[in-house]
There are 2 protein chains.
Amino acid sequence: MNKREFKDKVYGELATITKALANPHRLEIIDLLAQSDYSVEQISTQTGLSMANTSQHLQVLKTAQLVDVTRNGNYIHYKLADSNVFKAWKALRELGIERIATIDKIVKDFRQSKFKFESVTIDELVHKIASGKVTILDVRPEVEYRTGHIADSISIPFDELATRLKELPKRNEIIAYCRGPFCVFADEAVALLVKAGYKAKRLEEGFPDWHLMGLPVELN
Amino acid sequence: MNKREFKDKVYGELATITKALANPHRLEIIDLLAQSDYSVEQISTQTGLSMANTSQHLQVLKTAQLVDVTRNGNYIHYKLADSNVFKAWKALRELGIERIATIDKIVKDFRQSKFKFESVTIDELVHKIASGKVTILDVRPEVEYRTGHIADSISIPFDELATRLKELPKRNEIIAYCRGPFCVFADEAVALLVKAGYKAKRLEEGFPDWHLMGLPVELN
DNA sequence: CAACTATTCAATAGATTTATTGAATAGTTT
DNA sequence: AAACTATTCAATAAATCTATTGAATAGTTG
């Protein structure tokens with residue numbers, strides 16, 4: 001094997017793995033699986049893809065060794081193979097947000113059209129926790145909270161928030177978080193909370209970002 | 001715009017940028033441009049692609065806003081748009097190395113077939129520098145050294161190494177580095193140095209990795 | 001072991017990606 | 001302004017990717 005052949009092989013393999021990521025639906029699936037493992041049917045519902053199509057995309061991710069498979073009763077569950085997969089997705093996500101004005105614009109436009117609220121970064125939240133009373137609210141589906149959540153956070157999935165408002169202390173500032181910067185549960189939650197008289201902001205990033213930074217979590 | 005349309009747009013844009021990366025030649029080009037800007041002709045020579053083909057790949061990268069273009073006399077120079085591009089490439093590279101056994105095997109096999117020498121990580125080099133006499137040797141082409149290099153490193157491009165050996169102190173351990181983990185200039189240099197009676201090892205990663213970690217550099 | 005069900009497979013058509021070829025272009029130099 | 005040269009463009013054929021459809025499969029449950 002000469003130098004050229006060596007390079008062709010290495011970059012070729014890396015391109016193969018990158019191709020497995022290079023599809024809108026597969027990126028969405030990875031963003032979802034970063035929260036918790038899910039069955040094909042659940043992934044299909046969440047993404048709006050047909051079962052067969054969802055399965056095909058999952059096969060692509062599996063062939064590229066980006067996800068692991070386990071059977072759970074009648075269902076087959078997929079999960080991210082390891083944290084490097086999330087790291088790569090995060091790097092691409094940040095490249096997109098910082099580099100492509102279009103993406104930043106889409107996100108800002110969508111949020112501002114409906115929810116005109118400030119957000120807080122992870123660093124800012126860490127300071128808030130250190131220096132005062134903050135209630136951290138996880139508005140993701142309960143399975144995801146159970147799989148892992150920010151230490152001392154409270155779980156109220158967004159669909160239940162309206163009826164469970166009384167569980168939240170009115171004197172504390174509330175920071176709502178969800179899956180990541182493209183997840184709007186947190187925005188919707190903040191809108192609802194502010195309307196009900198709470199002081200609330202969303203966390204810009206999501207639980208997987210917090211976890212990756214080595215900050216305190218509770219895992220299952 | 002509803003939630004589904006929003007997600008389709010965001011993940012769609014991110015897939016577009018990922019697609020721009022998802023090609024062996026374009027990854028190689030990015031790995032090269034992480035060292036220094038280069039003209040189309042130079043990129044063409046280094047990668048073994050035809051001029052027209054090189055240009056087409058560069059257009060893809062340009063459209064995705066991953067590279068910037070400047071004219072320099074008769075030549076047109078391309079460079080990485082910002083450090084997020086290198087970060088994304090690094091994340092993909094590390095995902096590949098840690099996740100895909102094939103890649104690790106290709107790299108190890110190729111190196112071991114020719115050069116059976118130990119390597120040193122960036123962290124280890126930092127310790128070595130702090131605690132003793134080390135000579136850091138940059139064996140990349142001189143342009144790349146001029147663009148930026150590890151602080152206090154010496155430049156001897158690999159082609160000139162055989163005739164310039166006397167410039168190196170024989171009592172120090174020598175750590176040779178080049179572009180990154182897939183660059184074999186450093187392996188070839190170590191082979192040559194050890195044969196000539198020096199104590200030498202290669203640095204596993206490359207200059208851009210060192211730079212990204214915020215370690216001391218000299219830039220131009 | 002038969003029935004059931006979640007998931008996968010296979011086939012296909014339309015869309016996209018890629019390398020090659022040769023011509024066109026834009027900017028510099030003389 | 002003409003000549004030159006590095007780069008880009010346009011056209012094309014082969015290869016690859018994608019969503020859809022309907023059938024097949026494997027594993028669980030009763």
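Lettering follows sequence order; numbering is per chain, from 1.
For Y78(A), taking side-chain heavy atoms from C-beta onward, the closest of the listed nucleotides dT20(C), dT8(C), dA6(D) is dT8(C). Across dT8(D), dC9(C), dT7(D), the shortest atom-to-atom separation from the side chain of Y75(B) is found for dT7(D). Each of dA6(C), dT18(D), dT28(D) was ranked by its minimum atom distance to the side chain of R26(A); first place goes to dT18(D). Comparing atom distances between the H57(A) side chain and each of dG22(C), dT8(C), dA19(D) picks out dA19(D) as nearest. Residue Q59(A) has its side chain nearest to dC9(C) when only dT21(C), dT18(D), dC9(C) are considered. In this structure, of dT18(C), dA19(D), dT8(D), it is dA19(D) that holds the atom nearest to the side chain of N53(A). Considering only side-chain atoms of N74(B), the nucleotide from dC9(D), dG27(C), dT8(C) that sits closest is dG27(C).
An OP1 or OP2 oxygen of dT18(D) is reached within less than 4.0 angstrom by a side-chain nitrogen or oxygen of N23(A). For H25(A) and dT18(D), the shortest distance from a side-chain N or O to OP1 or OP2 is not below 4.0 Å.
S39(B) comes within contact range of the sugar-phosphate backbone alone, with a heavy-atom separation under 4.0 Å but no base atom that close. When heavy atoms are screened at a 4.0 angstrom cut-off, H77(B) is found touching no nucleic acid atom at all.
Closest-nucleotide positions on DNA chain D for K19(B) and R71(B) were compared, and the one nearer the 5' end corresponds to R71(B). Both V60(A) and G73(A) lie close to DNA chain D; mapped to their nearest nucleotides by heavy-atom distance, the more 5′-ward contact belongs to V60(A).
In terms of modelled atom types and a separation under 3.5 Å, the side chain of W89(B) and the main chain of L21(B) share no donor-acceptor contact.
Surrounding NZ of K90(B) are more than 12 heavy atoms belonging to other residues, nucleotides or ligands, all under 6.0 Å away. Atom NZ of K3(A) sits in a crowded spot, with more than 12 heavy atoms from other residues, nucleotides or ligands closer than 6.0 Å.
Note on ring orientation: taking the six-membered ring where Trp is involved, the planes of H77(A) and Y75(A) are perpendicular (angle over 60°, cut-offs 30° and 60°).
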For side chain to side chain contact (heavy atoms under 4.5 Å, CB included), just list the numbers for L192(A) and F158(A), CA-CA rounded to whole Å, side-chain angles, deciding distance to a tenth of an Å, and then say yes or no. CA-CA 10 Å; L192(A) 202 156; F158(A) 175 70; 4.0 Å; yes

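Between the side chain of Q56(B) and the base of dT20(C), a donor-acceptor pair under 3.5 Å is found.
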